[in-house]
S.K.: 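Right, I'll just put the structure down here and ask away after.
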Amino acid sequence: MTAPIDIRRLNAADPDFARHLDHLLSWESVSDDGVNQRVLEIIRAVRERGDDALVELTQRFDGLEVASMADLILPRERLELALTRISPAQRQALEAAAERVRIYHEKQKQVSWTYTEADGTVLGQKVTPLDRAGLYVPGGKASYPSSVLMNAIPAKVAGVPEVVMVVPTPRGEINELVLAAACIAGVDRVFTIGGAQAVAALAYGTESVPPVDKIVGPGNIYVATAKRHVFGKVGIDMIAGPSEILVVCDGQTDPDWIAMDLFSQAEHDEDAQSILVSPDVAFLDRVAESISRLLPSLERSEIARASLQGRGALIQVADMQQAIDVANRIAPEHLELSVADPDAWLPQIRHAGAIFMGRYTAEALGDYCAGPNHVLPTSGTARFSSPLGVYDFQKRSSIINCSAEGASELGKVASVLARGESLTAHARSAEYRIKR
C-alpha cells in the first residue's frame with residue numbers, strides 16, 4: 001500500500017487563510033553573515049589579484065589541479081567538439097528548442113524611433129544593444145543546457161556582439177550538453193570558473209576575463225550574493241528564489257497529470273514550491289491520492305517529497321473567481337490555467353511570470369522548447385518583474401533635437417520651472433535660446 005504524503009491543505013474560507021498563505025509563501029533569500037563575508041573576500045581577491053585569484057579559488061572550491069588561467073579557457077573548437085559527442089537525438093532537440101526560442105524572441109526586438117513636431121523639433125529614442133553580456137551557468141551534475149539557450153539567445157537576438165559564459169567544472173566534470181548548447185546559441189567565449197569568483201571576474205574583469213555590462217543566469221547562494229554586491233557596477237537579471245508552480249484547475253483535468261505537473265517543480269530542490277488551487281474538494285482528494293501513488297516512481301522522489309511537505313499545498317476555494325484572486329495574490333513564477341476555457345480567465349490574471357493555458361500545456365514545455373523564456377520572476381516578484389527577454393540586453397537613449405523655434409518656446413517653460421526650483425543657471429541656459 002502506498003504511504004500517503006503529508007501535504008498541507010488550506011481553505012480560503014478559513015478566517016486565518018491570509019495568515020496561513022503568507023506563511024506558506026514566505027521565503028527569505030538573503031545570505032547569512034558568514035556567506036556574505038566570504039563573498040566579499042572573494043570579490044576583493046579577484047579585484048586585487050585577477051587571474052591568479054581565479055586559479056587559486058578554482059583549485060580550492062572545484063578540486064581542480066590547474067597550472068594557469070589558460071587551463072580555464074575553452075576555445076570555440078571545444079564547443080564544436082561537444083556537438084559531435086552528444087547523441088543525434090540530443091542535438092536535434094537542442095537545435096529545435098533553440099530555433100523556437102529564437103523565433104519567439106525576435107518578436108521582442110525594439111527599434112529606434114523618432115517623431116517631428118510642427119516647429120521642426122525632433123524627439124525620439126535610440127535603442128542600442130549592450131556591448132558584452134555575461135552568462136553564469138551552474139556546472140557539474142546540476143547542469144541545465146536549456147538555461148544556456150534561454151539566456152544566450154535573447155542576448156544574440158538583441159544584437160549583443162559578445163556573450164561570455166562562465167561554467168564551473170567541479171572535479172573536472174564537463175557537461176557536453178551545456179557546451180553543445182553554448183555552441184548552438186552562439187556563445188563567444190567560455191571560462192570554466194564558477195561561484196562568487198566568476199561573478200566578480202565578469203563584473204570587474206581580469207587579465208583574461210573581459211568585464212561585461214550585465215550578468216544573467218542562475219546560481220547558488222554564493223552566486224546570488226555576489227550578484228547583489230556587483231549590481232551597480234554591472235546590471236543583473238534578478239535574484240531568483242526557488243522554483244514555483246501554481247496550478248488552477250476546475251477539477252476536470254486528469255489528476256495524474258496535475259500531480260506530475262506539481263512534481264515538475266518539486267523535483268528541483270527541497271525549497272521549490274508546488275501549489276494546486278481548485279473549487280472541487282473531491283478533485284483535491286484525487287490529486288492527493290495521485291501524488292502519493294506516483295511519488296515513488298520519481299528518480300528524485302525524496303527531493304520532491306521534502307518540497308511538497310515543506311512548501312506545497314492544496315488550496316480549496318469557493319469558485320473559480322476566488323481561485324483567480326488567490327493566483328493574483330500569490331503572483332507565481334509559473335501559472336497553469338488547467339480549465340475548460342482559459343481565455344475567459346486570462347484577462348483577470350494580473351501577476352504571473354508565465355501563463356500556461358489549458359489542460360494540455362504542461363509547464364515543462366515552457367522550460368525547454370515552447371519558445372518563451374524560462375527565466376522568470378519568483379517569490380511574488382511577478383507583481384513588478386517580467387521574464388528575461390531581448391529588452392534586458394538593450395538600452396534606450398533619449399533623442400532631443402530642438403529647432404530654433406522649438407528651443408525658444410520650450411525655453412520659456414523651462415525658465416519658469418527652473419527659477420521655481422532656484423536653479424538659475426538652468427533658467428539662464430534655456431533663456432539664451434529664447435527669441436527676443
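Throughout, numbering of the chain's residues begins at 1 and tracks the sequence. Every value quoted in this text rests on a predicted model; they were computed, and no experiment measured them.
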S.K.: Show the numbers, then the answer: is there a side-chain hydrogen bond (donor to acceptor under 3.5 Å, both in side chains) between Lys395 and Ser397?
M.R.: CA-CA 7 Å; Lys395 53 193 178 68; Ser397 302; 5.0 Å; no
S.K.: Considering only NZ, NE, NH1 and NH2 on the basic side and carboxylate oxygens on the acidic side, decide whether Arg102 and Glu106 come within less than 4.0 Å.
M.R.: no
S.K.: Side chain to side chain contact (heavy atoms under 4.5 Å, CB included) with Asp188: which residues, sequence neighbours excluded?
M.R.: Lys156, Glu162, Val163
S.K.: Report the C-alpha separation of Ile42 and Phe61 in whole Å, then their side-chain angles, then the decisive distance to 0.1 Å, and conclude whether the side-chain contact (heavy atoms from CB on, under 4.5 Å) test is met.
M.R.: CA-CA 11 Å; Ile42 290 169; Phe61 295 128; 4.0 Å; yes
S.K.: Can you name the residues that form a ring pair (Phe, Tyr, Trp, His ring centres under 6.0 Å) with Tyr360, not counting sequence neighbours?
M.R.: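 Scan of Tyr360 (ring pair (Phe, Tyr, Trp, His ring centres under 6.0 Å), adjacent residues dropped) gives Trp257.
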S.K.: How many angstroms lie between atom OH of Tyr104 and atom CD of Glu99, to the nearest 0.5 angstrom?
M.R.: 16.0 Å
S.K.: Does His20 have more than 12 heavy atoms from other residues, nucleotides or ligands lying within 6.0 Å of its NE2?
M.R.: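 For His20, atom NE2 is crowded (more than 12 foreign heavy atoms under 6.0 Å).
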S.K.: Using the test side chain to side chain contact (heavy atoms under 4.5 Å, CB included), find all partners of Phe17 that sit at least two apart in sequence or belong to another chain.
M.R.: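 Partners of Phe17 by the side chain to side chain contact (heavy atoms under 4.5 Å, CB included) criterion, ordered by chain and then number, come out as Leu10, Ala12, Asp14, Leu21, Ile315, Val326.
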S.K.: Should we count CD of Glu207 as having more than 12 external heavy atoms under 6.0 Å?
M.R.: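 Yes.
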S.K.: Output yes when Glu336 and Arg359 qualify as a salt bridge under the 4.0 Å nitrogen-oxygen rule, no when they do not.
M.R.: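 So Glu336 does not pair with Arg359 through a salt bridge.
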S.K.: Please check: side-chain N/O of Thr58 versus main-chain N/O of Ile193, any donor-acceptor pairing under 3.5 Å?
M.R.: no
S.K.: Can you tell me which residue pairs pass the side chain to side chain donor-acceptor pair (under 3.5 Å) test with a partner in residues 268-282, sequence neighbours excluded?
M.R.: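 Non-adjacent pairs meeting side chain to side chain donor-acceptor pair (under 3.5 Å): zero.
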S.K.: Ignoring hydrogens and angles, write down the donor-acceptor pairs under 3.5 Å from the side chains of residues 230-242, residues two or more places apart or on other chains.
M.R.:
from	atom 1	to	atom 2	distance (Å)
Asp237	OD1	Lys227	NZ	2.7
Asp237	OD2	Gly217	N	2.9

S.K.: Ignoring hydrogens and angles, state whether a donor on the side chain of Glu363 or Gln265 is under 3.5 Å from an acceptor on the partner side chain.
M.R.: yes
S.K.: Rounded to the nearest 0.5 Å, what separation is found between the CZ atom of Arg189 and the CD1 atom of Ile73?
M.R.: 7.0 Å
S.K.: Are the charged groups of Arg9 and Asp285 less than 4.0 angstrom apart, N to O?
M.R.: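 Yes, Arg9 and Asp285 are salt-bridged.
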S.K.: Can you list the residues that meet the ring pair (Phe, Tyr, Trp, His ring centres under 6.0 Å) rule with Trp345, with sequence neighbours excluded?
M.R.: none
S.K.: So does Arg91 pair up with Glu176, basic N to acidic O under 4.0 Å?
M.R.: no
S.K.: Is any side-chain N of the basic residue among Arg49 and Asp52 closer than 4.0 Å to the acidic one's carboxylate O?
M.R.: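 The answer is no: the pair does not qualify as a salt bridge.
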S.K.: May I have the step-by-step check of side-chain contact (heavy atoms from CB on, under 4.5 Å) for Val199 and Tyr222, ending in yes or no?
M.R.: CA-CA 9 Å; Val199 174; Tyr222 288 91; over 6 Å; no
